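Each remark here refers to the structure printed beneath this line.
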There are 2 protein chains.
Amino acid sequence: MTRPQTQHGPATRVMRATRQRAAVSALLDRLEDFRSAQDIHEELRRVGDGIGLTTVYRTLQSLADAGEVDVLRTGSGEAVYRRCASAEHHHHLVCRRCGATVEIEGPAVETWAQRIAEQHGFSDLSHTAEIFGLCRECSATA
Amino acid sequence: MTRPQTQHGPATRVMRATRQRAAVSALLDRLEDFRSAQDIHEELRRVGDGIGLTTVYRTLQSLADAGEVDVLRTGSGEAVYRRCASAEHHHHLVCRRCGATVEIEGPAVETWAQRIAEQHGFSDLSHTAEIFGLCRECSATA
DNA sequence: TCGGTATCGAGTATCGATGTCACCTCACCG
DNA sequence: CGGTGAGGTGACATCGATACTCGATACCGA
Ligand SMILES: [Mn+2]
Ligand SMILES: [Mn+2]
Ligand SMILES: [Zn+2]
Ligand SMILES: [Zn+2]
């Protein structure tokens with residue numbers, strides 16, 4: 001289901017390719033864990049890719065809207081971003097110490113959510129399900 | 001498992017009964033949905049219970065720490081609070097339009113989280129699992 | 001190449017949340 | 001009962017994350 005580019009009409013979004021967007025995208029490819037907008041901004045500047053913080057926020061948001069990155073909230077409410085290997089719907093097992101992340105499936109969760117919501121007459125569903133803990137390394141280091 | 005009050009020792013928290021704490025607690029008893037600290041502050045002032053915003057934040061925090069209220073984060077990262085009927089661990093089905101909330105059990109989720117985390121060697125686990133949607137009324141009104 | 005426009009980004013505003021600290025008030029005891 | 005002091009309060013300052021403004025910049029299609 002691709003969006004027609006050559007069609008007329010008032011709402012023909014184009015999404016230009018810019019150096020900044022490329023830099024954010026490339027960095028996300030390289031990173032394993034969830035990172036905040038600020039982290040990403042710092043890292044890009046550190047390696048010499050000049051970019052504004054505003055642009056990092058905007059870019060991450062549009063990537064998230066496009067479903068290209070996953071977003072979740074840390075305990076303190078900060079948004080963290082990660083390019084996931086799977087484009088499919090999935091959940092995460094996250095180390096609350098080092099941020100190490102495993103993408104996981106939750107068929108049991110999917111059916112559970114569906115069934116419960118149905119029982120109560122809810123529609124237009126979405127859900128969150130994330131597991132937090134200490135990874136093997138961090139358990140040891142503790 | 002009650003906390004000894006008359007024991008010596010350096011960490012004998014007392015938690016005094018104050019007008020402000022009573023007011024917050026009473027309002028929470030009256031409310032059905034998840035509400036933000038700011039909401040609760042406004043409502044209390046509106047009905048004439050003078051109280052500082054700082055105090056509302058502090059009180060909600062301590063109630064949450066004590067497990068007396070549930071906290072969850074809105075999509076925008078704002079913390080919202082609710083006194084739940086069940087003191088046991090449970091999850092929520094929330095109307096993203098009107099905030100109507102149903103407390104739900106998730107035995108399937110519990111075992112899923114446990115099993116997945118074990119498989120990956122994670123310890124010290126916690127998890128979140130909330131379902132969002134439109135309640136029957138809001139579906140109709142849509 | 002060139003112009004229109006999407007995008008950029010430094011500065012500034014907003015917003016939820018927490019820290020500060022002088023003042024207050026329970027809870028307790030004589 | 002009144003005094004005492006540790007816990008509590010709240011106006012205000014501060015913070016970190018994110019949104020907004022708007023002139024400057026750089027894509028990209030013609
Ligand atoms: Mn799912
Ligand atoms: Mn659970
Ligand atoms: Zn770890
Ligand atoms: Zn509703």
Side-chain angles (χ1 to χ4, degrees), chain A residues 3-27 34-46 48-66 69 71-81, chain B residues 3-27 34-46 48-66 68-69 71-82:
Chain A
R3 163 172 36 77
Q5 287 286 16
T6 52
Q7 275 321 299
H8 52 71
T12 312
R13 295 281 152 66
V14 271
M15 187 61 78
R16 285 181 186 171
T18 66
R19 174 180 61 78
Q20 291 87 340
R21 277 211 251 275
V24 169
S25 202
L27 178 54
F34 281 92
R35 296 297 181 81
S36 71
Q38 312 242 17
D39 286 346
I40 288 168
H41 178 240
E42 266 180 49
E43 177 63 11
L44 287 176
R45 303 219 108 172
R46 208 179 54 72
D49 287 314
I51 187 171
L53 181 56
T54 304
T55 301
V56 173
Y57 275 108
R58 271 192 300 237
T59 303
L60 288 172
Q61 259 171 322
S62 68
L63 286 172
D65 289 347
V69 301
V71 194
L72 55 84
R73 297 261 171 192
T74 66
S76 68
E78 183 182 23
V80 287
Y81 303 83
Chain B
R3 161 175 34 78
Q5 287 287 14
T6 51
Q7 273 323 298
H8 53 70
T12 312
R13 294 280 149 65
V14 271
M15 187 60 81
R16 275 149 57 163
T18 66
R19 175 180 61 77
Q20 291 88 341
R21 279 212 250 274
V24 170
S25 201
L27 178 54
F34 280 93
R35 296 297 183 79
S36 72
Q38 312 239 17
D39 286 346
I40 288 169
H41 178 240
E42 267 180 47
E43 177 63 10
L44 287 176
R45 305 220 106 172
R46 208 179 54 71
D49 286 314
I51 187 171
L53 180 56
T54 306
T55 300
V56 173
Y57 273 109
R58 270 193 301 237
T59 302
L60 289 172
Q61 286 263 80
S62 67
L63 287 172
D65 290 347
E68 285 203 46
V69 301
V71 193
L72 55 84
R73 299 257 172 193
T74 66
S76 67
E78 184 180 21
V80 287
Y81 303 83
R82 176 180 192 261

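Worth saying up front: this structure is predicted, and the values here are computed from it rather than measured. Reminder, nothing fancy here: chain letters follow the sequence lines and each chain counts from 1.
- Residues A:E43 and A:R35 have side chains not in contact (no heavy-atom distance under 4.5 Å, counting atoms from C-beta outward).
- Nucleotide C:dC8 holds its C1' atom 12 Å from the CZ atom of A:R45, rounded to whole Å.
- Distance from the side chain of B:R21 is smallest to D:dT9 among C:dT20, D:dT9, C:dA17.
- In this view, B:T55 and B:Q20, B:I51, B:R58, B:T59 satisfy the side-chain contact (heavy atoms from CB on, under 4.5 Å) rule, not counting sequence neighbours.
- At whole-Å resolution of the value, CZ in A:R58 and P in D:dT21 are 12 Å apart.
- If you take CD of A:Q61 and P of D:dA17, they are 15 Å apart, rounded to a whole angstrom.
- Between the CZ atom of B:R19 and the C1' atom of C:dT25 there is a distance of 11 Å, given to the nearest Å.
- In this entry the distance linking OH of B:Y57 with C1' of C:dT18 reads 9 Å, nearest Å.
- The separation between B:L53 atom CG and D:dA13 atom P is 15 Å, rounded to whole Å.
- A:T54 comes within 4.0 angstrom of a nucleotide base, judged by non-hydrogen atoms across all strands.
- Counting only heavy atoms from C-beta outward, the side chains of A:R73 and A:F34 never approach each other to under 4.5 Å.
- Looking at which nucleotide of DNA chain C each of B:G77 and B:Q20 is closest to, the 5′-most match is held by B:G77.
- A donor N or O paired with an acceptor N or O is found under 3.5 Å between the base of C:dA6 and the side-chain atoms of A:R16.
- Salt bridge B:R45/B:E42: absent, no basic N to carboxylate O contact under 4.0 Å.
- Nearest to the side chain of B:M15, among D:dG8, C:dC8, D:dT18, sits D:dG8.
- Residues A:E78 and A:S36 approach most closely at OE2-CB, 3.2 Å, considering heavy atoms.
- For B:T18 and D:dT9, the shortest distance from a side-chain N or O to OP1 or OP2 is below 4.0 Å.
- Between B:Q38 atom CD and C:dT18 atom P there is a gap of 11 Å when expressed in whole angstrom units.
- The B:T55 side chain lies nearest to D:dG10 when the options are C:dA27, D:dA26, D:dG10.
- Atom pair B:R73:CZ and C:dC15:C1' shows a separation of 14 Å (rounding to whole Å applied).
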